[in-house]
Amino acid sequence: MSHFLSTWNSRVFEFGAILFIASIFPGTLLPASLYALVRAASAICFAPAVGHYIDTGNRLAVVRFSIVVQRAAVAVSCLCFWALATNSLIIPRVQSMILVLLVFLACVEKLCSIMNLVAVERDWVVVIAGPNNPGLKILNSQMRRIDLFCKLAGPLAIALIEGVSTTMAILVTLGLNVSSVIVEYYGIAKVYRMVPALHEPRSHVLSSDTPERNQPVASVVRRTFVHLSSWFRLNYEALSSYICHPVFLPSIALSLLYFTVLNFSGQMVTYLLSVGYSATHIALIRTISVAFEISATWLAPLAMNRVGPIRAGLWFISWQGICVTGTVTFFWRAQPLVAASGLVAGVITSRVGLWGFDLCAQMVIQEGVESDFRGSFSSLEASFQNAFELCSYALTIIFARPDQFRYPVSMSSVVVLVAGGLYALFVRKRRGHLLHLSACMPLEHPTVAVPRPRNVETTPHYPQNTKPELARAHMRRPLQHVMERASMHCVRG
């Protein structure tokens, strides 16, 4: 329940904040773009520090801190939105200051969301499942279903309320966050008490050149320089460990998939509206897409139980690559409306491969990353995901016209193929092969029994040190074999 409420509130506020800004500042995209850009940039810059805090802090204290600070940031943001929406502050300079405050609170909310997500889904889940592999698959699938459900229902609910009244939607968001913080705070503590393994401390190796807090400093400038150098050193060490880690390739392949416009987010929705789709059609399409995505949370565990997470991931990323490549080929050759319909169909079917690969790659990462490095590793992965997502926005800024949307679509398909190639390289390194060629094409022909001439005496060969009784049994085998074949021919005749 705690994780569901946390995910629900995060999804509702993430989508609702853009709607609130668009309603408060009509006729311009600058405030919304600035808000989203700085929010994503904060995740890229400060996610390694968040991961370090997750790895070094008490598990319960980390999650509780993320819950309280995230809810406080959302509550203050809602009060600011309410003040702007009701025109309580008509002074332009004050409005600009409130917008700056909203951007800062958005950064805090984003970092706390990453902290909660990484701590619960990448650390707590692994500890709770323990050495039980099927249990970890089930927990991962349940977590993904919660996220996908909140991804569909949360934005839809707040959009319907905002359609009636922006002020009402702001107050509903504020009420949900304030009322759920108690349930989240004590609910996660109940889970912590139920699992003794979560109480076990994690060992950490501290760098010998880390500056001590009580170290005397000559001035404020020197203190600032020391902290900045420590921050850069921390990021550099975490990035080096991330790149050199054995499961770096599946992690970066998963992150690359965020560099795409082939999803039903703002870029593709804007294109579909431009070619004639209505908002009702898009809502129906999003619902069907999420249904396909949720189906992957059942298909992925079945595939992992059958062939293992590594090979299952290769299957799912291959399926996504096939769907996306075929879709892009059709998109370039058909008429705009027909091409858009084919694009919708291809993207919906590819979502099964995307989320199936997401679950398989997450399983590989959870099993391969050490417990003391899970927070830093997953936070860096989140940084790369946000960076690639920003690249997708930059792509649609460069190719902004609807008739140029084919270029971002093509680039997205190339990125999927690159991600598939990186994961295939990982599979090749880990397993030594990509396909079982011996199972696909037998290399040895079955032996055919050739009748021996009757006048040729054959003596079986056996080791010299064989005992006499074993040797006699070995010599009787050819005669028994001939008699059995003769009896079979008689029955057939």
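The analysis underlying the following values was restricted to heavy atoms, covering all of them including side chains, and did not include hydrogens, waters or symmetry mates. For clarity, every value in this text was computed on a predicted model and none was experimentally measured. Starting from 1, each residue takes its place in the sequence as its number.
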Donor + acceptor pair across side chains of [X], [Y] (<3.5 Å):
X	Y	answer
Tyr242	Ser379	no
Gln385	Glu381	yes
Thr297	Arg144	no
Gln70	Asn9	no

Got [X] and [Y] here, is their nearest side-chain heavy-atom distance under 4.5 Å?
X	Y	result
Leu5	Val183	yes
Cys78	Ile170	yes
Phe13	Ile158	no
Ile294	Trp355	no
Phe316	Trp319	no

Got a sec: does the CZ of Phe104 have more than 12 other heavy atoms crowding it under 6.0 Å?
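No, CZ of Phe104 has 12 or fewer neighbouring heavy atoms, counting only those of other groups under 6.0 Å.
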How about Phe373: does its CZ atom have over 12 heavy atoms from other parts shown lying under 6.0 Å from it?
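Atom CZ in Phe373 is packed in, count exceeds 12.
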Which of parallel (below 30°), tilted (30 to 60°) and perpendicular (above 60°) describes [X] and [Y]?
X	Y	value
Tyr35	Phe81	tilted
Tyr407	Trp332	perpendicular
His281	Tyr277	perpendicular
Phe259	Phe388	parallel

I'd like to check the ring pair (Phe, Tyr, Trp, His ring centres under 6.0 Å) partners of Phe4; sequence neighbours left out, ordered by chain and number.
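Scan of Phe4 (ring pair (Phe, Tyr, Trp, His ring centres under 6.0 Å), adjacent residues dropped) gives none.
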Between Phe399 and Phe405, does a ring-ring contact (aromatic ring centres under 6.0 Å, His included) hold up when you go through it step by step?
CA-CA 7 Å; Phe399 302 102; Phe405 190 66; over 10 Å; no
Testing Leu262, Leu395, Val347 one by one against Val409 for a side chain to side chain contact (heavy atoms under 4.5 Å, CB included), which residue passes?
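Per the side chain to side chain contact (heavy atoms under 4.5 Å, CB included) rule, the option paired with Val409 is Leu262, out of Leu262, Leu395, Val347.
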